[in-house]
There are 2 protein chains.
Amino acid sequence: MDLGKVEDFELIFYPNSVAVIGASQNKKKMGSIYIQCLLAAGFTGRLYAVGAKGGKSWGLPIYRNLRAIPEPIDYVIVAIPKKFILDLLDDCAAKGVKVVQIFSAGFSESGSDEGRRLEEELTRKARNLGLRIIGPNCVGVYCPESGMHLPRPMPRQQGTGSVAFICQSGGHTANFAEAGLARGINFSKVVSFGNGCDLDSIDFLEYFAVDPKTEIIGAYLEGVKDGPRFVKVIKEVAKTKPVIVWKGGSTEAGAETASSHTAAIASSDAIWAAALKQAGAIKVGSLEELADATLAFQYLPRVEGNRVAIIAGIGGAGGGACVAACDACLSKGLEVPPLAQETRARLKAILPPDGSIFRNPVDVGAVALFRGLKYLFQPMELTVKDPGIDVLIIDTPISQLIGPLSEQGFDAVLDTFIALSKAQAKPLVVVSSPLLREAEWSAMRRKLAQAQIPVYSTFDRAAKAIAHVVQYWKFRAEIDEEAA
Amino acid sequence: MDLGKVEDFELIFYPNSVAVIGASQNKKKMGSIYIQCLLAAGFTGRLYAVGAKGGKSWGLPIYRNLRAIPEPIDYVIVAIPKKFILDLLDDCAAKGVKVVQIFSAGFSESGSDEGRRLEEELTRKARNLGLRIIGPNCVGVYCPESGMHLPRPMPRQQGTGSVAFICQSGGHTANFAEAGLARGINFSKVVSFGNGCDLDSIDFLEYFAVDPKTEIIGAYLEGVKDGPRFVKVIKEVAKTKPVIVWKGGSTEAGAETASSHTAAIASSDAIWAAALKQAGAIKVGSLEELADATLAFQYLPRVEGNRVAIIAGIGGAGGGACVAACDACLSKGLEVPPLAQETRARLKAILPPDGSIFRNPVDVGAVALFRGLKYLFQPMELTVKDPGIDVLIIDTPISQLIGPLSEQGFDAVLDTFIALSKAQAKPLVVVSSPLLREAEWSAMRRKLAQAQIPVYSTFDRAAKAIAHVVQYWKFRAEIDEEAA
């Protein structure tokens, strides 16, 4: 397969036929898990099981070898011991296979000469046979639209998403897909490429750059083979789509571990940081930060600046939250400027004088509890519409609201946020701890998602996510200026 | 009241009689909320309601004024507008009241001359009458043992705890108490002192230092009146009990907000950091970090050093987690040293060669899924018993274990951890994301709490908490050395 064209690449995510090598009646075998997951995801192509012992499972025959399948195969998922794989490639070529995805490990990441040699031989043989490889040592592809799936049972994503994720680690791939879905991230495509002996991060980056389904690109990388080219590609991609990169192995011991994990070659974290920044990419340091940033890019419109307003005290006792929110924002490079004199004067006319704070942060002094929700809408609207403000963070302490607000209902608070989001154009972000109120938190998250309002569990995480979005749109503004 | 002796202070947390001023048949009024919470907490003393409109509620008469109560009162909780409070103090003196806790706001934190003057007058009058004040602008005292309670409904703590918490913010007080209980923190006593016009952080710090029920002290502060004395007291206290301090208003805008919140006077964050470090206190930067550190001190035994071992891959695909855990530990000042040659050789004899990592982190290559749990105990025991290791972190991905382990059950994995904890003396820490598996996560947290194993949701949070404990025991070792 050439992969010169987008259509070639589409075969990876929308294959017509897939064969899983290593399936068996034992449902715990990795090949069996792949088949179960593909079936559960409603894979839209034709699916074949291949396993040395034959038999039948899931209503499918298990073919004893690939060649026994009575039609050509586009895509093969390999989960058998490494020693059988070189011979399998001949079968693949005979069946017209285009892409071989290899779960099996024990290649260059083992650090042994034998593993390295085997990987070299695999790569060479695949090239000679015209086969493309994803892996080895990877969990492969996830595409909610086609039903291509990772070997982990997960809830089904509703509809098609706009987030692509490129990942060197199988565990992080599945964890990010699973956690992302639970957080409201909607994926276009996900790919885990492990040791990346053939297709690697740059190939997928280039494809996602032109994939019309993808608007945001996340990546977990432990190393890249061609650093300068990688940076050049990111710089091009970032002009139209945000690229968020989590670099694993940023410490010395982490880098040594990465080399045992995916045979990644270390380079200093400072070099990565500088290169990514210059290329306009967003650098994050953990799975949570990656999810937080992705969510912000998915939900928020273009952000014009870094000036944040904060609303706290909806349920009373908001002073501590005001201080904490301020500290969180400033420590992430955001500003929390005082509101305009006029805004403050108008706030003072609405809010109770004792127990409120008017500077920004604004402590609304339990106004929703004591005076009703329309008195909450007004100060929030005044605050976000202040000409010196770019983003509004709303502290929403569920446990302080749910009991006392039983009459109007907590949902009415959320309706107020949604109304505010519709009444003006600036982005809103909600901060709320899920602790003790997990069910209400999840319901809130889902409801606010409809209005493009992301929910974060702490001020620190919200502030960091907003700062990433601010950084990206600043880069875009500079690019646009250069071009003008 | 003198407060020179511990017994005097005990009256604050174990009063014989409490009157709440500002109670009414309207259950939304703050005074009414206090009474409901005290009743729900099973307050062990005698409780009286006082409100201008009189009447009856909760089966209690509402006295029209304090003097009408037919017995002496130890402790008064005040939730009426500020303008009535000076006169109330005369009633308090007449009834033999020792301590007046004031929820009402609008004093020095308002920034107005009137508010400042009123607070000065309040303080002077209370001193002349021999009354001690907690507040104003505070939510007061929580003591699970006596049923003294904050004005927020919360689940009841089982038994007496060892954690005291001193807090300048009412919101943070209630949030930390509520979140702490949910995380498994058990409190001895909690106090919110707001503007601290009389009793303040140093007073409570000195009391908790000698309180036999308290072993760990947490604090949220926005400012202190006598910095040098504060540092001196902490240095003395830290010799026997860990003191964890979250300083709010660490940024310029945060400090300005703090002054509107509790009239705190700002001093630079760098000065705080240096002073706290020198005094042997642990400095944290958020509610979550405070809870994480407190939990670590509550559960973990004395830690001898900063050398961490990491186990991942129980459910397979642990390589990415190994890298992430390594990066998290090193970035927090912990070490992840390679295991001894002998340990590594013995691990290699047990673990599958392909897909495992032996360096430390140790990726056990899904050994629990494929070979059974006794093969999990062995590598964990070898790793933690390595002479170069002080602490073991175990990555426990619930969603990767719960389905595949249906035969043995996920509980059997936790039993393995508990058995390991009993089989040797070094501390164990579990990292596990609650996302998608909140119910199982909570059950796990409770079960492991019995064996003194804390659970953190991310590597970053676990590593930070461990680093705090390491720092404290290093300080203690230096103190012990000086003394020897």
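None of these values were measured; they are calculated from a predicted model. A note on names: the letters A, B, ... follow the listed sequences, proteins ahead of strands, and every chain is numbered from 1.
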CA sep, side-chain torsions, deciding dist, call: A/Lys247, B/Asp327, salt bridge (Lys or Arg N to Asp or Glu O under 4.0 Å): CA-CA 10 Å; A/Lys247 166 65 175 64; B/Asp327 285 346; over 6 Å; no
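The residue among B/Pro81, B/Gly320, B/Ala317 with the most heavy atom pairs within less than 4.5 Å of chain A is B/Gly320. When A/Pro153, A/Gly170, A/Ser250 are compared by the number of non-hydrogen pairs under 4.5 Å with chain B, A/Ser250 comes out ahead. Looking only at heavy-atom pairs under 4.5 Å with chain A, the residue among B/Gly319, B/Ala105, B/Ala312 that has the most is B/Gly319.
A salt bridge is defined here as a Lys NZ or Arg NE, NH1 or NH2 lying under 4.0 Å from an Asp or Glu carboxylate O, and A/Lys332 with A/Asp460 meets this definition. By the 4.0 Å N-to-carboxylate-O rule, A/Glu288 lies too far from A/Arg461 to be salt-bridged with it.
A distance-only check finds a donor-acceptor pair linking the side chain of A/Asn360 to the backbone of A/Ile310 [under 3.5 Å]. Listed for the B/Glu109 side chain is a donor-acceptor partner under 3.5 Å among the backbone atoms of B/Phe107.
With a 4.5 angstrom heavy-atom cutoff, B/Ser169 touches chain A only via side-chain atoms. Proximity to chain A (any heavy atom under 4.5 Å) is shown, for B/Glu178, by both the backbone and the side chain. Interface remark: B/Ser110 contributes no atoms to any contact with chain A (heavy atom separation under 4.5 Å). A/Phe358 does not touch chain B: none of its heavy atoms, backbone or side chain, sits under 4.5 Å away.
Checked options B/Val139, B/Asn175, B/Ile33; the residue passing with B/Arg152 is B/Asn175 (criterion: side chain to side chain contact (heavy atoms under 4.5 Å, CB included)).
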